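Below is one structure, written out as structure tokens; comments come after it.
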Amino acid sequence: QVQLVESGGGLVQAGDSLRLSCAASGRTFSNYAMGWFRQPPGKERVFVADISRGGGVTNYADSVKGRFTISRDNAKNTVYLQMNSLKPEDTAVYYCAAEATSNVRLSDPQFWGQGTQVTVSS
């Protein structure tokens with residue numbers, strides 16, 4: 001029901017900022033809780049952040065709490081991940097995900113984007 005396309009990744013230095021965007025197609029974007037995951041090189045995909053359907057509830061992995069901010073603009077069918085104070089350990093492919101749920105956070109996303117590479121050099 002929804003297609004997701006990430007953008008905004010790139011190569012930056014430690015301490016820099018990036019804002020990732022995830023553009024969603026479909027008529028029911030506001031019905032989906034949204035989230036970001038990442039997969040560092042050589043490791044499995046892990047949770048980064050999620051946001052409830054209306055944007056009122058957000059959750060973050062401890063590793064990014066205080067540095068990253070997830071937000072959404074339902075009128076634009078877009079979810080964002082503002083990434084500040086980037087560290088080399090943030091290097092990963094970042095994936096956008098969606099789940100049709102009434103819960104305030106993701107549990108089993110049904111839809112995934114193709115990912116965008118974020119590389120943070122020291």
Side-chain angles (χ1 to χ4, degrees):
Q1 291 184 246
V2 61
Q3 297 181 75
L4 308 173
V5 180
E6 302 96 335
S7 63
L11 174 62
V12 299
Q13 293 187 326
D16 286 353
S17 296
L18 281 174
R19 189 173 80 156
L20 306 183
S21 297
C22 175
S25 63
R27 301 185 301 274
T28 57
F29 177 74
S30 62
N31 291 342
Y32 293 87
M34 302 293 297
W36 290 95
F37 294 73
R38 68 186 183 187
Q39 186 169 15
K43 299 182 179 180
E44 294 188 341
R45 185 172 59 199
V46 297
F47 169 80
V48 175
D50 62 20
I51 187 166
S52 59
R53 294 179 300 173
V57 180
T58 58
N59 300 279
Y60 299 92
D62 288 343
S63 58
V64 307
K65 195 171 298 181
R67 298 187 298 120
F68 291 10
T69 302
I70 188 171
S71 61
R72 68 190 295 164
D73 187 340
N74 286 350
K76 296 182 178 179
N77 281 14
T78 303
V79 63
Y80 306 96
L81 186 67
Q82 179 67 46
M83 309 165 66
N84 297 330
S85 301
L86 283 163
K87 305 175 180 179
E89 50 263 46
D90 296 318
T91 295
V93 177
Y94 283 72
Y95 297 91
C96 179
E99 180 177 352
T101 179
S102 60
N103 295 331
V104 297
R105 68 178 304 171
L106 297 176
S107 60
D108 187 19
Q110 300 115 321
F111 304 99
W112 296 85
Q114 293 299 306
T116 184
Q117 177 71 50
V118 173
T119 302
V120 185
S121 62
S122 59

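This one's a predicted model, so the numbers in the text were calculated from it and none came from an experiment. This chain uses plain numbering: 1 for the first residue, then up along the sequence.
- Atom-to-atom distance recorded for W112:CH2 and E99:CD is 9.5 Å, nearest 0.5 angstrom.
- Counting all heavy atoms, side chain and backbone alike, A92 lies closest to R38 at CB-CB, 3.7 Å.
- One finds the CD atom of E44 at 8.0 Å from the CD atom of Q39 (value rounded to the nearest 0.5 Å).
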Steps toward side-chain contact (heavy atoms from CB on, under 4.5 Å) verdict (S107, T101) | CA-CA 9 Å; S107 60; T101 179; 5.5 Å; no
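- Under the side-chain contact (heavy atoms from CB on, under 4.5 Å) criterion, V5 pairs with no residue, sequence neighbours left out.
- A pairwise comparison of heavy atoms in A98 and L4 identifies N-CD1, 3.8 Å as the closest pair.
- Listed here is the closest heavy atom pair of F29 and V79: CZ-N, 4.3 Å.
- Of the inter-residue distances, the one linking D50 atom CG with L106 atom CG reads 4.5 Å to the nearest 0.5 angstrom.
- Nearest heavy-atom pair across N31 and R53 is O-CD, 3.0 Å.
- Closest of all the heavy-atom pairs between S21 and T78 is CB-CG2, 4.3 Å.
- In this structure, T91 contributes its side chain and V120 its backbone to a donor-acceptor pair below 3.5 Å.
- In this structure the side chain of T28 never reaches within 4.5 angstrom of the side chain of V2, judged on heavy atoms.
- Every residue meeting the side-chain contact (heavy atoms from CB on, under 4.5 Å) condition with D16, not counting sequence neighbours, appears here in chain and number order: V12, Q13.
- Put simply, CG on D73 and OG on S30 are 11.5 Å apart, with the number rounded to the nearest 0.5 Å.
- L20 places none of its side-chain heavy atoms less than 4.5 Å from the side chain of E6.
- N103 contributes no side-chain N or O that, together with a main-chain N or O of R105, makes up a donor-acceptor pair within less than 3.5 Å.
- Rounding to the nearest 0.5 angstrom, the gap separating the CG atom in N74 from the OH atom in Y32 is 12.5 Å.
- Listed by chain and residue number, Q82, N84 satisfy the side-chain contact (heavy atoms from CB on, under 4.5 Å) test with S17 (two or more places apart in sequence, or in another chain).
- Linking Ile, Leu, Val, Met, Phe, Trp and Tyr residues whenever their side-chain heavy atoms come within less than 4.5 Å leaves V48 and V93 in two separate clusters.
- Y95 is linked by a ring-ring contact (aromatic ring centres under 6.0 Å, His included) to nothing, counting only residues two or more places apart in sequence or in another chain.
- To the nearest 0.5 Å, atom SG of residue C22 and atom CG of residue L81 are 10.5 Å apart.
- Among pairs with a residue in residues 43-80, those fulfilling ring-ring contact (aromatic ring centres under 6.0 Å, His included) read F37-F47, at least two apart in sequence or across chains.
- Here salt bridge (Lys or Arg N to Asp or Glu O under 4.0 Å) pairs that include residues 75-89, with residues two or more places apart or in two chains, number zero.
- Across all their heavy atoms, T58 and G55 have their closest contact at CG2-O, 4.5 Å.
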